[in-house]
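Written out below as structure tokens is the structure these notes cover.
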Amino acid sequence: MKQTYISEIGKHEGQKVTIRGWLYNKRSSGKLHFLQVRDGTGIVQCVVFKGDVSEEVFGRSDAATQESSVVVQGVVRADKRSAIGFEVGVTDLKIVQAAQEYPIAKKDHGVGFLMDHRHLWLRSSRQHAILRVRSEIVKACRDYYDERGFTLVDAPIFTPTACEGTTTLFETDYFGEKAYLTQSGQLYMEAAAMAFGKVYCFGPTFRAEKSKTRRHLTEFWMIEPEVAFYDLNDDMDLAEDFVAYVVARVLANRRPELLVLERDVAKLEQVQKPFPRISYDEALAILKEHGVDVPWGEDFGGDEETMLANHFDRPVLVHRYPARCKAFYMKGDPEDALKALCVDMLAPEGYGEIIGGGQREDDLETLERKIEEHGLPKEAFEWYLDVRRYGSVPHAGFGLGIERTVAWICGLKHVRETIPFPRMLERLRP
RNA sequence: UCCCCUGUAGCUCAAUCGGCAGAGCGAGUGGCUGUUAACCACUAGGUUGUAGGUUCAAGUCCUACCGGAGGAGCCA
């Protein structure tokens, strides 16, 4: 008999179906066994009544252990007591494999234990919901650019040089030469934008920073659009429209998962265009109102970002930071040489920076001077300078960190749950 | 790299002033025809992270190391 997925079970009321999955939990009451069976699309209660099945089937049901793989046959019936409105009256049960004693119990576990068992933790309903939201976010990101004439141009993972300095990169041996795992595809996207106009890349990036916070991973995913002939304002328009679109998609397609996560959906529904846009100088003024005095030229710490974000009910764009706390390729503000034409987007509710980007320096001589000022080896950037030698145009782009975005939309305390197998300062396995 | 907390049964935790290592969950056995982290009864389960030290006596105090957690800094 053909397999029926639990998500489709309501269409089969009164029919005999076959469900293949795993035993999520079991309760029993003498002659009745209540098997909670999950198949990846949902969980359904399968009721085994001693009077309805053979001695063998009832015995197998009695002996079935948590997370054993099973094939259940039975009749779908509506039941008001069920969370999904239906249950299955079992007629036959086969055990594909009888699971050993399952390490993850129904009650409390510490984070360390759960992270050690991440490969099994993925089966729990909460982790399941988070990764379904992540999947939707990734799809929404791709759809957004694909539907707007962008071309996906994948950036390399192995890179010969750092964007700026080598202290935060993972070094590898590349046939006797030093290579680094990429920390951004941006420089390659700039070259690609001059070929295709509108491009994006989406892939993993790596940072060897010894950061031990709820917002950091050593391996995380980033989507980086880059557009020829865009200035800073175009860039901010794009970032705002993009983030509003992604949030709307999750609200449209993943509400049940947000419910499982007990996310305050009203806060997400407020994420509508336009987003507030403030300059770095205005941000300093807001911080001062809250009694925090950041000297001009300093970057914001986590507390300051949270304070700024809490000032608004939706993501806020902060633009024109001091040039000295930004990368060499950022274009200087023509109205104030001390400032860069850059923008960060801070997520609400203390989730921090989810986007960083800006307009790039498009003048050859200025860029050469900046590379020198930053003490970077010019020969390594010759190919990048070529982009300015042959038909340079104003252009801009940004990078959005997927994990911080997932953490924000799901309302999670820590980014470690937003990626299937997180890589962190003290954690490489499983 | 720094600061702080922490390590006791498979898991989550308790153990008063340094004085008999205990509970819940999970597991096993038995019971129960509507359970929703089911419930009830019984059973098993321990080199208290490791190595030293102080003491009549250390899970408890001290030192070092190892693991875990939170925070800071770092962080296109």
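Computation of the quantities below employed the complete heavy-atom set of this structure, encompassing side-chain atoms and omitting hydrogens, waters and symmetry-equivalent molecules. Worth saying up front: this structure is predicted, and the values here are computed from it rather than measured. Protein chains get the first letters and strands the later ones, always in sequence-line order, with residue 1 at the start of each.
- Comparing B/G26, B/G68, B/U33 by their closest approach to the side chain of A/Arg427 singles out B/G68.
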Please list every donor-acceptor pair under 3.5 Å in which a side-chain atom of residues 403-417 of chain A meets a protein atom from a residue at least two apart or in another chain.
{"residue": "A/Glu403", "atom": "OE1", "partner": "A/Trp221", "partner atom": "N", "Å": "3.0"}
{"residue": "A/Glu403", "atom": "OE2", "partner": "A/Arg134", "partner atom": "NH1", "Å": "2.9"}
{"residue": "A/Glu403", "atom": "OE2", "partner": "A/Arg134", "partner atom": "NH2", "Å": "3.2"}
{"residue": "A/Glu403", "atom": "OE2", "partner": "A/Trp221", "partner atom": "N", "Å": "3.4"}
{"residue": "A/Arg404", "atom": "NE", "partner": "A/Arg215", "partner atom": "O", "Å": "3.2"}
{"residue": "A/Arg404", "atom": "NH1", "partner": "A/Glu353", "partner atom": "O", "Å": "2.9"}
{"residue": "A/Arg404", "atom": "NH2", "partner": "A/Arg215", "partner atom": "O", "Å": "3.4"}
{"residue": "A/Thr405", "atom": "OG1", "partner": "A/Gly401", "partner atom": "O", "Å": "2.7"}
{"residue": "A/His414", "atom": "ND1", "partner": "A/Arg416", "partner atom": "N", "Å": "3.0"}
{"residue": "A/Glu417", "atom": "OE1", "partner": "A/Gln127", "partner atom": "NE2", "Å": "2.9"}

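- Closest to the side chain of A/Ser29, out of B/A76, B/C32, B/A37, is B/C32.
- Taken residue by residue, residues 50-68 of chain A places no heavy atom nearer than 4.0 Å to RNA chain B.
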Side-chain donor-acceptor pairs of residues 293-302 of chain A under 3.5 Å, sequence neighbours excluded:
{"residue": "A/Trp296", "atom": "NE1", "partner": "A/Asp281", "partner atom": "OD1", "Å": "2.8"}

Give every pair of a protein N or O atom and an N or O atom of nucleotides 40-50 of chain B that lie under 3.5 Å apart, one pair per line with the distance.
none

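- Checked against B/A76, B/C75, B/G26, the side chain of A/Glu209 finds its nearest nucleotide in B/C75.
- Ring-centre distance between A/Trp383 and A/Tyr188: below the 6.0 Å cut-off.
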Write out a two-atom table: protein N or O, nucleotide N or O from nucleotides 11-15 of chain B, distance below 3.5 Å.
{"residue": "B/C11", "atom": "O2'", "partner": "A/Asp108", "partner atom": "O", "Å": "3.0"}
{"residue": "B/C11", "atom": "O2'", "partner": "A/His109", "partner atom": "ND1", "Å": "2.6"}
{"residue": "B/U12", "atom": "OP1", "partner": "A/Gly110", "partner atom": "N", "Å": "3.1"}
{"residue": "B/U12", "atom": "O4'", "partner": "A/Asp108", "partner atom": "O", "Å": "3.4"}

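- Comparing atom distances between the A/Arg207 side chain and each of B/G34, B/G73, B/A76 picks out B/A76 as nearest.
- Dashed line: the shortest gap from a side-chain N or O of A/Arg416 to OP1 or OP2 of B/G70 is under 4.0 Å.
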Donor-acceptor contacts, no H, no angles, side chain residues 34-45 of chain A, under 3.5 Å, sequence neighbours left out:
{"residue": "A/Gln36", "atom": "NE2", "partner": "A/Gln45", "partner atom": "OE1", "Å": "2.7"}
{"residue": "A/Arg38", "atom": "NE", "partner": "A/Glu67", "partner atom": "OE2", "Å": "3.3"}
{"residue": "A/Arg38", "atom": "NH2", "partner": "A/Glu67", "partner atom": "OE1", "Å": "2.7"}
{"residue": "A/Asp39", "atom": "OD1", "partner": "A/Thr41", "partner atom": "N", "Å": "2.8"}
{"residue": "A/Asp39", "atom": "OD1", "partner": "A/Thr41", "partner atom": "OG1", "Å": "2.7"}
{"residue": "A/Asp39", "atom": "OD1", "partner": "A/Gly42", "partner atom": "N", "Å": "3.3"}
{"residue": "A/Asp39", "atom": "OD2", "partner": "A/Ile6", "partner atom": "N", "Å": "2.9"}
{"residue": "A/Asp39", "atom": "OD2", "partner": "A/Thr41", "partner atom": "OG1", "Å": "3.4"}
{"residue": "A/Thr41", "atom": "OG1", "partner": "A/Ile6", "partner atom": "N", "Å": "3.2"}
{"residue": "A/Thr41", "atom": "OG1", "partner": "A/Ser7", "partner atom": "N", "Å": "3.0"}
{"residue": "A/Gln45", "atom": "NE2", "partner": "A/Glu87", "partner atom": "OE1", "Å": "3.4"}

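- Listed by chain and residue number, nothing satisfies the ring pair (Phe, Tyr, Trp, His ring centres under 6.0 Å) test with A/Phe398 (two or more places apart in sequence, or in another chain).
- With sequence neighbours excluded, no residue forms a ring pair (Phe, Tyr, Trp, His ring centres under 6.0 Å) with A/Tyr390.
- A salt bridge links A/Asp116 and A/Arg427; the closest N-O separation between the charged side-chain nitrogens and carboxylate oxygens is under 4.0 Å.
- Remark: RNA chain B forms stems of 3 or more consecutive Watson-Crick or G-U wobble pairs, all pair distances under 3.5 Å, at B:1-3 with B:70-72, B:5-7 with B:66-68, B:10-13 with B:22-25, B:27-31 with B:39-43, B:49-53 with B:61-65.
- A search for ring pair (Phe, Tyr, Trp, His ring centres under 6.0 Å) contacts involving A/His109 returns A/Phe113, not counting sequence neighbours.
- The shortest distance between the side-chain N/O atoms of A/Arg215 and the OP1/OP2 oxygens of B/G70 is not below 4.0 Å.
- Not counting sequence neighbours, the partners of A/Arg148 by the side-chain contact (heavy atoms from CB on, under 4.5 Å) test are A/Tyr144, A/Phe150, A/Asp241, A/Tyr245.
- Spacing between atom NE2 of A/His216 and atom P of B/A72 amounts to 10 Å, rounded to whole angstrom units.
- The residue among A/Asp303 and A/Thr205 whose nearest nucleotide of RNA chain B is located toward the 5' end is A/Asp303.
- Judged as a salt bridge (Lys or Arg N to Asp or Glu O under 4.0 Å), the pairs with a partner in residues 40-65 of chain A (not counting sequence neighbours) are, in order, A/Arg60-A/Asp92.
- Side-chain N/O atoms of A/Lys210 include one lying less than 4.0 angstrom from OP1 or OP2 on B/U1.
- Ring centers of A/Tyr174 and A/Phe158: under 6.0 Å apart, within the cut-off.
- Heavy-atom nearest nucleotides on RNA chain B were determined for A/His414 and for A/Phe34, and the one closer to the 5' end corresponds to A/Phe34.
- Centroid-to-centroid, the aromatic rings of A/His33 and A/Phe49 stay 6.0 Å apart or farther.
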